[in-house]
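Working notes, structure below.
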Amino acid sequence: MTTILGDIFGDFRRLVLAALDDLAVAGALPPGLDAARVAVEPPRDPAHGDLATNAAMVLAGQAKQNPLQLAEKIAAALAGRELVSAGYRGGGFAAVVAKPGFINIRLEPAAWQAQLRGILETGPAYGDSTLGAGRRVNVEFVSANPTGPMHVGHGRGAVVGDALAALLQKAGFAVTREYYINDAGAQVDALARSVYFRYCEHVAGLPESSLLHSSGTQQAAPAAPEGFYPGEYLKETGRRLYERDGERWLDKPETVWLQRLRAFAVDEMMALIRDDLAALGLQFDRFSSERALVEDGAIERALSVLEGAGLIYTGVLEPPKGKLPDDWEPRPQLLFRATQFGDEVDRPLKKSDGSWTYFAADIAYHFDKYRRGGDTMIDVWGADHGGYVKRMQAAVQALTDAAARLDVKLTQLVNLFDAGQPVRMSKRAGTFVTLREVVDEVGKDVFRFIMLTRRNDQALDFDFAKVTEQSKDNPVFYVQYAHARASSVMRHAAEELAGQELSDAALADADLALLSDPAELALIRQLASWPRIVESAAEANEPHRVAFYLHEVAAQFHLLWTKGRDEAQLRFIISGDPDLTRARLALVRGVAIVVASGLAVFGVTPAEEM
RNA sequence: GUCCCCGUAGCUCAGCCGGAUAGAGCAUCAGUUUCCUAAACUGAGGGUCACAGGUUCGAGUCCUGUCGGGGACGCCA
């Protein structure tokens, strides 16, 4: 109902609603019926027709009429209406009533052919929707801590977040992609100490080191600090610190260097992360710093809102049920009344040392997002943060007086395999696989697509051997291959029909009535459902549906291709019959446009040849 | 103990605000290549939708409970 072009299901829903109005005016239906549940969908069994509506069954109760008889009335009223929308150009339809009360609709081929023409005329924008009506949505994703390179789990969140954002954009929302930098907690202090340790280590290893000269022997490296980040990458960071600052931090107390090194380390880590993001082709509209919020007093501002609503108090929490932490001590804390908003317990805002909890900062951050104009926020988190969802939603509800909504998408684990053998990962054993290593190995297109072949809340197996295999078992190549095949046909056609204009605009004028084979019409139907897929996937926040849809389009196209192998008259290029060839090229281009449009949502480049 | 996610074919998973005879891929079996890319396609077998109730014209889908798997549970993020 909101699509710019070619949502056949929306068009027919409008038509059904208009028919219902006709019936109401004629007195055949009581006025003021609630038609919200009236749906027009493809029937599961294609033998039933192209479209089906449940209108009679949904309204039978309200209208106090027999569903079958009501269906007959609606079908008759439908038959009296015409497809006035330009997208059908004279194509008609037939409506038939079936058993429980379904009304099955079958379009004449001309209506489908007109849909294909519309696809060619619309091009890459095909599938765009006005569902979002320009409403703003803030999608926050990745938000990997700036303590090291991204790992594969971050990569999944990154891809899911980016595809979700792209999908929402295609569906007409004004999307902001945002990254939250957790650069304020104790962990970045630990990071700074780790860098300092590596820095000292580096200096000690230098032949010209003052440590050597002053004592005559190499000084033992200082002990690794608490919470030490053991990754090799920090050796490089320590070296870079030496190159920038020389020996000025040596033998100085922590109070002298901690703040400076923290800033340096976070900058270095963010540079690493930005490289990783770039390798995946990711771009953010905004990076928000936790530290900047803290230093700006944003926490106090946000908490004062809660304070004013009487939602903050000092109290003592019950110890958690089940396993009691070893060092549990009851202690009065500053608490947020999350239980008033459906959370299990009230949540602490200050640590025992008096500093703010991560939660307090996150409250400030979400309040900041809201004040910047986001009443719809989506956060993409790793599933290990699942326990955090309720309290954050509670906070958003409390902060905005329920004017804003926070949705949280949790991404489950990625299990790495190589030819069926699990790739064991252990930070301690040093067999940690970074996102960058995986992306460099398989390519960003493969990585992105595979990450979207599963619902985000399902664990996903990622097998290096399988995802790089060039066969139909690999969904990436299966879909890519369909696009490449389409491109290949167009290259051949350019030779066969040398001198003829084969642009999409030109092909839209081909005699599409020549596309009459059932397999051809089935393919057009498949292409015609793209706008509907965009809207439903966007509404459900489920980009993976696009992957399954593209797989179906590719299958239908490969099928038609192979039919042409058995029945030469079904090939796309028919020597000596330029009119038929042009009609079929229009279909081929339609496939390429839809596949490319879907891949664009995923940030995957459509292949021209393979 | 509480909360969240999950349970669909031998395996991996889809199933679109409830809709008609529950689908796809893999695996198994039987086929297709002088021809636009066989990197593909066709057909067959394979199901107590974990279990038990409930809601209604209709439940894999919604509600309750049970069982099983995973995850999270103050001062980490």
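Below, read A as the first sequence line, B as the second, and so on, with proteins coming before strands; counting in each chain starts at 1.
Annotated stems with RNA chain B as a participant read B:1-7 with B:67-73, B:10-13 with B:23-26, B:28-32 with B:40-44, B:50-54 with B:62-66, given as range with range, by first number; only runs of 3 or more Watson-Crick or G-U pairs under 3.5 Å qualify.
Using a 4.0 Å heavy-atom distance criterion, A:Glu552 is classed as making no nucleic acid contact. Nucleic acid contact for A:Asn104: base, since at least one base atom lies under 4.0 Å from a heavy atom of the residue. When heavy atoms are screened at a 4.0 angstrom cut-off, A:Ala493 is found touching no nucleic acid atom at all. Within 4.0 Å of A:Ala52, counting heavy atoms only, lies at least one base atom of the nucleic acid. Within 4.0 Å of A:His558, counting heavy atoms only, lie sugar-phosphate atoms of the nucleic acid but no base atom. A:Ala568 comes within 4.0 angstrom of no nucleic acid atom, judged by non-hydrogen atoms across all strands. Base engagement by A:Tyr388 is indicated by at least one non-hydrogen atom pair under 4.0 Å involving a base atom.
For the pair A:Asn415 CG and B:G71 P, the interatomic distance rounds to 11 Å; values are reported in whole Å. For the pair A:Arg391 CZ and B:A77 P, the computed distance is 11 Å after rounding to whole Å. For the pair A:Leu317 CG and B:C73 P, the computed distance is 15 Å after rounding to whole Å. The nearest whole Å value for the distance from the CZ atom in A:Phe572 to the P atom in B:U37 is 11 Å.
Of the candidate nucleotides B:A77, B:U37, B:C75, B:A77 has the atom lying nearest to any side-chain atom of A:Gln187. Considering only side-chain atoms of A:His492, the nucleotide from B:C36, B:A77, B:C41 that sits closest is B:C36. Checking B:A39, B:A77, B:U42 against every side-chain atom of A:Leu559, the shortest atom distance belongs to B:U42.
Judged as a side-chain contact (heavy atoms from CB on, under 4.5 Å), and not counting sequence neighbours, the contacts of A:Ser488 are A:Arg491, A:His492. When the ring-ring contact (aromatic ring centres under 6.0 Å, His included) test is applied to A:Phe102, no partner is found at least two apart in sequence or on another chain. For A:Phe359, the ring-ring contact (aromatic ring centres under 6.0 Å, His included) partners two or more places apart in sequence, or in a different chain, are A:Tyr388. By the side-chain contact (heavy atoms from CB on, under 4.5 Å) test, A:Thr581 pairs with A:Leu497, A:Ile573, A:Ile574, A:Leu585, sequence neighbours left out. Scored by the side-chain hydrogen bond (donor to acceptor under 3.5 Å, both in side chains) test, A:Ser288 finds A:Glu178, A:Arg286 as partners (sequence neighbours excluded). Take A:His483 and apply the ring-ring contact (aromatic ring centres under 6.0 Å, His included) test, not counting sequence neighbours, and it matches no residue.
In terms of heavy atoms, A:Ala56 sits closest to A:Gly101 at CB-O, 3.5 Å.
Contact of A:His551 with B:A24 (side chain to base): no donor-acceptor pair of N or O atoms is detected under 3.5 Å. Side-chain to base pairing of A:Arg491 with B:C36: no donor and acceptor N or O lie closer than 3.5 Å to each other.
Taking a cutoff of 4.0 Å between a charged side-chain nitrogen and a carboxylate oxygen, A:Arg545 and A:Glu542 qualify as a salt bridge.
OP1 or OP2 of B:C75 has not a single side-chain nitrogen or oxygen of A:Thr357 nearer than 4.0 Å. One finds a side-chain N or O of A:Lys351 lying less than 4.0 angstrom from the OP1 or OP2 phosphate oxygen of B:C76. The shortest distance between the side-chain N/O atoms of A:Trp561 and the OP1/OP2 oxygens of B:A38 is below 4.0 Å. Note on A:Tyr481: every side-chain N or O is 4.0 Å or more away from OP1 and OP2 of B:C41.
Residue A:Pro43 is the one, among A:Pro43 and A:Met610, whose nearest nucleotide of RNA chain B lies closer to the 5' end (criterion: closest heavy atom). Nearest-nucleotide positions on RNA chain B place A:Thr562 closer to the 5' end than the other of A:Thr562 and A:Val345.
Between the side chains of A:Lys73 and A:Gln65, at least one donor N or O sits under 3.5 Å from an acceptor N or O. Between the side chains of A:Gln500 and A:Arg582, at least one donor N or O sits under 3.5 Å from an acceptor N or O.
Evaluation of the side-chain hydrogen bond (donor to acceptor under 3.5 Å, both in side chains) test over residues 179-190 of chain A, restricted to residues two or more places apart or in two chains, returns A:Asn145-A:Gln187, A:Asn182-A:Tyr358, A:Asp183-A:Ser289, A:Asp189-A:Arg262.
Only the C1' atoms considered, B:A24 is 13 Å distant from B:U8, to the nearest whole Å. Straight-line distance between the C1' atoms of B:G31 and B:C36: roughly 23 Å, to the nearest whole Å. For the P atoms, the distance linking B:C6 with B:G18 amounts to 16 Å, nearest Å. Going from the C1' atom of B:A50 to that of B:G60 covers 12 Å, rounded to whole Å. Across the P atoms, B:U56 and B:C49 are found 22 Å apart, a figure rounded to whole Å. Nucleotides B:G25 and B:C41 are separated by 14 Å at their C1' atoms, to the nearest Å. Nucleotides B:U2 and B:G65 have their P atoms positioned 11 Å apart, rounded to a whole Å. Rounded to whole Å, the separation between the C1' atoms of B:C17 and B:C13 comes to 23 Å.
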Practice task
Determine, for nucleotides 3-19 of chain B in 5'-to-3' order, which nucleotides have protein heavy atoms under 4.0 Å from the base (write B), from only the sugar-phosphate (write S), or from neither (write -).
Solution key: S-SS-----SSSSB--B
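The number of heavy atoms from other shown groups lying within 6.0 Å of NZ (A:Lys466) does not exceed 12.
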